[in-house]
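Reviewing the structure listed below.
Each ligand, and each atom within it, is numbered from 1 in the order the structure gives. Each residue takes its place number in the sequence, starting with 1.
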Amino acid sequence: MNRMKTLTLVCAAAALAVSSVSAQARDFRLGLITPAQHLWSTEAEAFAQTLNERSGGEHSVSVFPAQQLGNEAQMVQQLQTGALDMAFLTIAEISNRIPDFGALYAPYLVDDVNHAARLLRSDAAGELLDLMPEGVGFVGVGYGMVGMRQVLSRSPIESAEDLQGQRLRITPFEPIRDFYTATGAAPAPMPLLEVYDALANGQVDAIDMDFDSILILKFYEQANNLLISNHMMFPMVGVVSGRVWRELSEEDRELIDTAMSEHLENVLTGFEEMDAAQEEEIRGLDINIVEADAEFFSEAIAEWESIWAPKAPMLETLRAEADRLRDE
Ligand code: BEZ
């Protein structure tokens, strides 16, 4: 609600201007990169249904999963021009434009998915969303996430030195690139849906990935060594184009904000609930597993901090909040 108040202030003048044309039926378009069976996509569809019901059939949402509207960089541009109304985006693309979001990728900021979800529900994480209207021109409604990041590779990674020279697929964003560069790996930025083929044809040696994606996209068929490192959280954000938001009545904004927030919360709880079973399923596969902790990556972490602490001043606030939430 704090966030809503800020957004309301940002949009106050426009709201007054458009209040007389508020009750327009709309078919919103929502884009995302995950495949149709992914929880982000199923919750986007469920949000569409909720909004339709609660608006008495007035509003509908067409959901475009699997990068049908382009990659995230392209969707960000469409949101900025108002050609796209809404999206569920990884924080990756946002952190390329608002460096403070990079703080969410501090290695070992959180211990596990439950800790990540608690941090994403905190006011400290909410403060980051307040940067979005000015920083990228979107309204950040709330957070979702996937599970913690792990490293799946063709050859075993038993020490940080084994990462040296590995062509390692990353999601295209700067904080993760800087982390792997610091390990001595050669990061290869690549969208999620290109990863299977890149592993299959040997374009990359290893991938940075979460348990859920490893299972649903069957990456384990192409690489059978897993470093269970839990080295980073991987948030998602539900956004509405600022241009579109300004055209909406207060009533419609409230409707969208409430419905989308509920389905983003389902994503957070969904990953909290699935994580242990997914880890068990992966441990049951015919793959070689090594475990790693912050000590394993200590040199890379020190280098990452030296780059990102000055770039992302919010890191201090988030770390204090994460520490406070650690034992809750
Ligand atoms: C990835 O880039 O690895 C990714 C993106 C969205 C959901 C899951 C994974």
May I ask you to list the atoms of ligand 1 that are less than 4.0 angstrom from any heavy atom of S213?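 Near S213, the atoms of ligand 1 are 8 (C), 9 (C).
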
Can you list the atoms of ligand 1 that are under 4.0 Å from a heavy atom of T171?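 Matching atoms, with element in brackets: 1 (C), 2 (O), 3 (O).
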
Are side-chain N/O atoms of [X] and [Y] paired as donor and acceptor at under 3.5 Å?
X	Y	answer
Q150	D210	no
E262	T50	no
D85	S241	no

At under 4.0 Å between heavy atoms, is it the side chain or the backbone of [X] that contacts ligand 1, or both, or neither?
X	value
M209	side chain
R169	side chain
D212	neither

According to the interplanar angle, ranging from 0 to 90°, do the rings of Y143 and F101 count as parallel (below 30°), tilted (30 to 60°) or perpendicular (above 60°)?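 It falls in the tilted class, 30° to 60°.
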
Using side chain to side chain donor-acceptor pair (under 3.5 Å) as the criterion, list what pairs up with S41, not counting sequence neighbours.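 By the side chain to side chain donor-acceptor pair (under 3.5 Å) rule, S41 matches T34.
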
If the contact criterion is a heavy-atom separation under 4.0 Å, does R149 count as touching ligand 1?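 So R149 counts as touching ligand 1.
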
May I ask whether E194 places a heavy atom under 4.0 Å from ligand 1?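 No; E194 lies far enough from ligand 1 that no heavy-atom distance drops under 4.0 Å.
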
Quick one: does D208 get an N or O within less than 3.5 Å of an N or O on ligand 1?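 Checking ligand 1 against D208, no N or O pair falls under 3.5 Å apart.
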
Look at atom CD of Q49 and say whether more than 12 heavy atoms of other residues, nucleotides or ligands are closer to it than 6.0 Å.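 Atom CD in Q49 is not packed in, count stays at 12 or less.
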
Residue E299 excluded, over 12 heavy atoms near CD under 6.0 Å: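 12 or below, so no.
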
On a heavy-atom basis, I'd like to know which of D210, L89, I207 is closest to atom 9 (C) of ligand 1.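 Ranked by closest heavy atom to atom 9 (C) of ligand 1, first place is D210.
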
